[in-house]
J.: 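My questions all concern the structure below.
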Amino acid sequence: MIFSPSSINLLRATEALKNNQLIGLPTETVYGLAGNALSDVAIQRIFALKGRPATNPLIVHIADFNQIDSLIAPLNTQQAKNLEKLKVFWPGPLTIILPKSSLVPDLLTANSPTVAIRIPNHQIALKIIRDSGLPLAAPSANRSNYISPTSAQHVLEEFGEELEFIIDGGSCTIGLESTVISLVSDIPQILRPGAITLNQIRSIIPEVQLLERILSPDAQQSAPGQQIKHYSPKTKLIFKEDYKPTKDLQKIAYVAFTQLSELEQKSFFSYKLLSTSGNLTEIAQKLFGTLRELDQQNLDLIIIDKCPEEQLGLAIMDRLKRATN
Ligand code: TXA
Ligand code: MG
């Protein structure tokens, strides 16, 4: 069920977390499916409810920087320097991977010696983390491989009665999952692009590298969560530039990033405009919700625009390349 973020409901949510139950947690990126990060029982429940392979590790959410000390192993000089620089983006849409401490369950990290940590920039999430006194494991609150949820209603659509508690924090202001960066080796690597952009990170760590996320089915999986097929609607999704009109397909939706003429609009069964001016922030905010809505309409095909792979456009295109693959 969906609950408003009243004091009494937040108290009930923190009690649920302390009892190893899961809650739907709003963050600025996407909604999370949250549970006690230090409890094997809660972690197992997250994997089971999402249908997530046990080989794909979870992110730990904390509210205050000093909470990190108990979760990470002693850092080398380079790692400590890089963490010190990157913490300016916290709270915010940046997840940092570091060597883990023995307190962090192997189940959470899928037996990896590293742990992913983030301080979300969302007052409700921060309050729940602080009040529960727990670090919270929270992957996106969707069934494995479906589109990430950007509203409480989306989380309800995913899990129905199977998730007792969803806290309504409104629509996510960013709408795409966080940037993931690994500080494990001396040269930091971005594993997933997000709203903290490559350029922003480059301005403080010039040597940072962007890991080419694997899109070829033949390529070997080099890091967790790098699956080819991800974030996909059930309806076939292709880029507009790959679309060739045929008579067989009747119900086609077009998701545009800039305004079309009325004549062009009319040639589609359904037309969604994400931004009148190609504004990347607006496109990111509306993208997942729009794909979700269209996916419920029994369409033959969804076609979508591309945007330049720069700034936030890099993250938007990363998600779309996976969803169209
Ligand atoms: O914005 C977000 O990050 C959202 C909100 C809820 O915070 N969470 C999220 O979690 O997107 P999830 O589980 O859907 O994505 C986490 C990504 C996965 O690709 C996972 O493989 C990767 O982070 N990851 C987690 N721990 C890792 C580790 N130790 N090493 C490498 N990758 C890791
Ligand atoms: Mg996810």
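Order of appearance sets the numbers: ligands from 1, and atoms from 1 within every ligand.
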J.: Going by heavy atoms in the side chains, are Ser140 and Lys50 under 4.5 Å from each other?
T.: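 Result yes, sub-4.5 Å side-chain heavy-atom pair found.
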
J.: If you count the non-hydrogen atoms of other residues, nucleotides and ligands that lie under 6.0 Å from NZ in Lys236, is the total more than 12?
T.: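 No, the 6.0 Å shell around NZ holds no more than 12 heavy atoms from other groups.
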
J.: So do Glu264 and Gln259 actually touch side chain to side chain, heavy atoms under 4.5 Å?
T.: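 Counting from C-beta outward, Gln259 and Glu264 never come under 4.5 Å.
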
J.: Number the atoms of ligand 1 from 1 as they appear, then name those within less than 4.0 Å of a heavy atom of His61, with their elements.
T.: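 Near His61, meaning under 4.0 Å from one of its heavy atoms, ligand 1 has 5 (C), 6 (C), 7 (O).
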
J.: Out of all atoms in ligand 1, which are within 4.0 Å of some heavy atom of Ser178? Include the element for each.
T.: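 Numbered from 1, ligand 1 contributes 1 (O), 2 (C), 3 (O).
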
J.: Roughly how far apart are Tyr31 OH and Gln153 CD, rounded to 0.5 Å?
T.: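 Interatomic distance, Tyr31 OH to Gln153 CD, rounded to 0.5 Å: 10.5 Å.
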
J.: Does ligand 1 have any atom that is closer than 4.0 Å to a heavy atom of Pro120?
T.: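 False for this residue.
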
J.: Are Ile97 and ligand 1 in contact, using a heavy-atom cut-off of under 4.0 Å?
T.: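 Distance cut 4.0 Å: Ile97 passes for ligand 1.
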
J.: Of all the atoms in ligand 1, which lie at a distance below 4.0 Å from a heavy atom belonging to Ala116?
T.: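 Heavy-atom distances to Ala116 below 4.0 Å select 25 (C), 26 (N), 27 (C).
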
J.: So if I count the atoms of ligand 1 from 1 in the order they appear, which ones are less than 4.0 Å from some heavy atom of Asn56?
T.: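 Matching atoms, with element in brackets: 18 (C), 20 (C), 21 (O).
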
J.: Taking the side chain as every heavy atom from C-beta outward, state whether Pro139 and Ile46 have any pair of such atoms under 4.5 Å apart.
T.: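 Answer yes - side chains close enough.
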
J.: Distance under 4.0 Å to a non-hydrogen atom of Gly32: what atoms of ligand 1 satisfy this?
T.: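 The list of qualifying atoms is 6 (C).
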
J.: Using a 4.0 Å cutoff against the non-hydrogen atoms of Ile59, which atoms of ligand 1 qualify?
T.: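 Within the 4.0 Å cut-off of Ile59, ligand 1 contributes 3 (O), 8 (N), 9 (C), 10 (O), 16 (C).
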
J.: Using a 4.0 Å cut-off to any heavy atom of Ala138, which atoms of ligand 1 qualify?
T.: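 Reading through ligand 1 atom by atom, the close ones are 6 (C), 8 (N), 10 (O).
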
J.: Taking both backbone and side-chain atoms into account, decide whether Asn142 has an N/O/S atom under 2.8 Å from the Mg ion (ligand 2).
T.: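 So Asn142 does not bind the Mg ion (ligand 2) by this criterion.
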
J.: Quick check: are there more than 12 heavy atoms from other residues, nucleotides or ligands sitting under 6.0 Å from CD of Glu262?
T.: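 Atom CD in Glu262 is not packed in, count stays at 12 or less.
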
J.: Hey, which atoms in ligand 1 end up nearer than 4.0 Å to a heavy atom of Ser140?
T.: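 Answer, ordered by atom number: 8 (N), 9 (C), 10 (O), 12 (P), 14 (O).
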
J.: Taking the six-membered ring of Tyr146, is the NZ or CZ of Lys234 close enough (under 6.0 Å from the centre) and on axis enough (within 45°)?
T.: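 The answer is yes; both the distance and angle limits are met.
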
J.: Which option, Glu177, Gln189, Arg52, owns the non-hydrogen atom nearest atom 18 (C) of ligand 1?
T.: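 Looking at heavy atoms only, Arg52 sits closest to atom 18 (C) of ligand 1.
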
J.: Tell me the nearest of Val30, Thr179, Thr114 to atom 4 (C) of ligand 1, using heavy-atom distances.
T.: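 Comparing heavy atoms across Val30, Thr179, Thr114, the nearest one to atom 4 (C) of ligand 1 lies in Val30.
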
J.: Using a 4.0 Å heavy-atom cut-off, say whether Pro57 meets ligand 1 through its side chain, its backbone, both or neither.
T.: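 It is both parts that get close, each with some atom under 4.0 Å.
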
J.: Should we say atom CD of Gln200 is surrounded by more than 12 heavy atoms from elsewhere, each under 6.0 Å from it?
T.: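 Count over threshold, so yes.
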
J.: Determine whether Leu38 and Leu134 make a side-chain contact, defined as any pair of heavy atoms from C-beta on separated by less than 4.5 Å.
T.: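 Not in contact.
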
